[in-house]
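The figures that follow rest on heavy atoms only: side chains count, while hydrogens, waters and symmetry mates do not. The first residue of the sequence shown is numbered 1, and numbering continues consecutively from there.
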Amino acid sequence: MRRAAAFLALLLCLYWTRAQGESGGVTVNDITQTEIQSEILGVKSTSDQTNITPDIWAELKELRDMAIEHSLELRNSKSKMEKLEQENTAIQARLTASEYKNAVLEARMNASENEVEELKIESADMMARLNISEHVMEELKRENTDLLHRVTSVEDKNKDMMARLKICENEVEELKRQNADQPKVAFSLGLTDKGQIGPFITDITLKFSKVITNFGQAYSPSTGLFTAPVRGAYYFSFTTLDGRSNVYRRVYLYHNDNRVLFSYNYSANTSESVSNSLVLQMEKEDVVYMVLPGGCSVYDDRDDHTTFNGFLLFPL
């Protein structure tokens with residue numbers, strides 16, 4: 001029974017020691033209180049009133065020391081736990097801050113990604129517009145090249161035309177000088193206002209007395225002769241009218257003493273006119289004139305039915 005009581009006292013002591021360790025540690029007074037509790041239970045501390053051996057007390061002391069040590073370790077563990085809880089709280093706060101920062105960064109990243117997508121779309125649009133601009137530029141370059149070739153061709157043609165124009169201008173100037181140097185020779189004549197001339201027994205030279213024009217004064221109305229002022233090519237023409245019917249009509253054109261033109265026809269029942277022309281090469285002082293053969297006649301009045309014309313084509 002005493003052993004049971006001692007064991008019960010030991011358990012009470014251990015329980016109380018643990019409680020004291022948790023509340024602030026074990027003191028000497030605590031041990032005294034333990035002895036008082038032992039006396040209450042009928043367990044004395046002295047060696048002459050108990051059968052508990054000193055070894056048990058030593059074990060109890062050792063157990064007490066171990067309990068105190070465990071209590072101290074428990075307190076240290078609790079302190080470390082509190083410190084860890086504080087660190088955990090700080091870490092939790094940092095984690096919350098980090099999560100907030102991550103959320104902000106994620107929002108900014110999403111905004112940046114949206115901006116990047118918009119920039120990609122704008123870049124694609126700009127690339128398309130740039131490609132169109134490049135195509136337009138290439139087309140303009142080709143058009144400019146073609147225009148440059150055409151302008152170069154036109155310039156070359158203009159140069160050729162300018163050269164030809166210069167040559168023409170030189171030729172015109174030369175012709176002007178030649179024209180200024182050569183005589184102005186031309187005449188246009190009517191025969192008379194008296195009506196019928198002839199017929200005569202012999203040939204006569206027709207004297208065209210009605211001078212319409214006589215540039216160069218190469219024709220003489222008094223003699224009926226045209227005298228060439230220069231060597232050259234001359235053009236002559238004439239028209240004659242005979243008012244009689246049923247007659248033969250003839251007229252001659254002489255160059256010097258040579259008959260070069262002969263017009264002949266027969267008029268039946270009415271008056272008729274004849275015309276003719278030719279170009280003659282004449283030397284200076286050569287003469288040309290019209291001859292009316294014997295037995296023939298011509299007619300003229302103020303309407304100029306019988307005319308004689310001529311002019312210098314060009315000198316030779």
Novice: Between the side chain of S153 and the main-chain N/O of H149, is any donor-acceptor distance below 3.5 Å?
Specialist: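 No, because the side chain of S153 does not come within donor-acceptor range (under 3.5 Å) of the backbone of H149.
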Novice: Please confirm whether the backbone N or O of L191 pairs with a side-chain atom of S209, one donor and one acceptor, at under 3.5 Å?
Specialist: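 Present.
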Novice: Contact between E138 and R142 at the side-chain level, heavy atoms closer than 4.5 Å - yes or no?
Specialist: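 Sidechains of R142 and E138: in contact.
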Novice: Whether the S188 and N309 side chains hold a donor-acceptor pair (N or O, under 3.5 Å, no angle test) is what I'd like checked.
Specialist: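 S188 vs N309: donor-acceptor pair found between side chains.
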Novice: Do I212 and L312 belong to the same hydrophobic cluster, where Ile, Leu, Val, Met, Phe, Trp and Tyr are linked whenever their side-chain heavy atoms lie under 4.5 Å apart, directly or via other members?
Specialist: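 No, because I212 and L312 fall into different hydrophobic clusters, even though each may have its own neighbours under 4.5 Å.
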Novice: With a 3.5 Å cut-off and no angle check, do the side chains of Y299 and D301 form a donor-acceptor pair?
Specialist: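 Judged by distance alone, the side chains do pair up.
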Novice: Do Y219 and F226 have their ring centres less than 6.0 Å from each other?
Specialist: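 Not close enough - the centres of the two rings lie 6.0 Å or further apart.
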Novice: Indicate yes or no: at least one non-hydrogen side-chain atom of V136 is less than 4.5 angstrom from one of E139.
Specialist: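 The answer is no, as the side chains (C-beta and beyond) never meet within the 4.5 Å cut-off.
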Novice: Give a yes or no answer on whether the side chain of T306 reaches the backbone of L241 with a donor-acceptor pair at less than 3.5 Å.
Specialist: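 Checking the backbone N and O of L241 against the side chain of T306, a donor-acceptor pair under 3.5 Å is found.
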Novice: To the nearest 0.5 Å, what is the distance between CG on D125 and CD on E118?
Specialist: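 Interatomic distance, D125 CG to E118 CD, rounded to 0.5 Å: 13.0 Å.
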Novice: Which heavy atom of V211 sits nearest to which heavy atom of P221, and what is that distance?
Specialist: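 Nearest heavy atoms, V211 then P221: CG2-CG, 3.6 Å.
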Novice: Is there a side-chain contact between V291 and V251, using heavy atoms and a 4.5 Å cut-off?
Specialist: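 No, every pair of side-chain atoms sits at 4.5 Å or beyond.
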Novice: For the residue pair T239 and S275, confirm or rule out a side-chain donor-acceptor distance under 3.5 Å.
Specialist: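 Checked: T239/S275 side chains pair up, N/O donor to acceptor below 3.5 Å.
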Novice: Quick one: are the ring centres of F215 and F187 less than 6.0 Å apart?
Specialist: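 Ring centroids of F215 and F187 are no less than 6.0 Å from each other.
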Novice: Side-chain atoms of residues 157-171: list all donor-acceptor pairs with protein atoms under 3.5 Å, sequence neighbours left out, distances to 0.1 Å.
Specialist:
residue: N158; atom: ND2; partner: V154; partner atom: O; Å: 3.3
residue: N170; atom: ND2; partner: K166; partner atom: O; Å: 3.1

Novice: Would you say that D193 contacts D300 through its side chain, given a criterion of any heavy-atom pair below 4.5 Å between the two side chains?
Specialist: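 Not in contact.
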Novice: Does any non-hydrogen side-chain atom of S297 lie less than 4.5 Å from one of P199?
Specialist: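 In contact.
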Novice: Do Y254 and Y252 have side chains that get closer than 4.5 Å, going by heavy atoms?
Specialist: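 The answer is yes; the side chains approach within 4.5 Å.
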Novice: Are the side chains of V185 and F311 in contact, using a 4.5 Å heavy-atom criterion?
Specialist: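 No, side chains not in contact.
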Novice: Side-chain contact, heavy-atom cut-off 4.5 Å: Y289 with H255?
Specialist: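 They are not in side-chain contact.
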Novice: For the pair N102 (side chain) and S98 (backbone), establish whether a donor and an acceptor sit closer than 3.5 Å, ignoring hydrogens and angles.
Specialist: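 Yes, the answer is positive, given that a donor and an acceptor are paired below the 3.5 Å cut-off.
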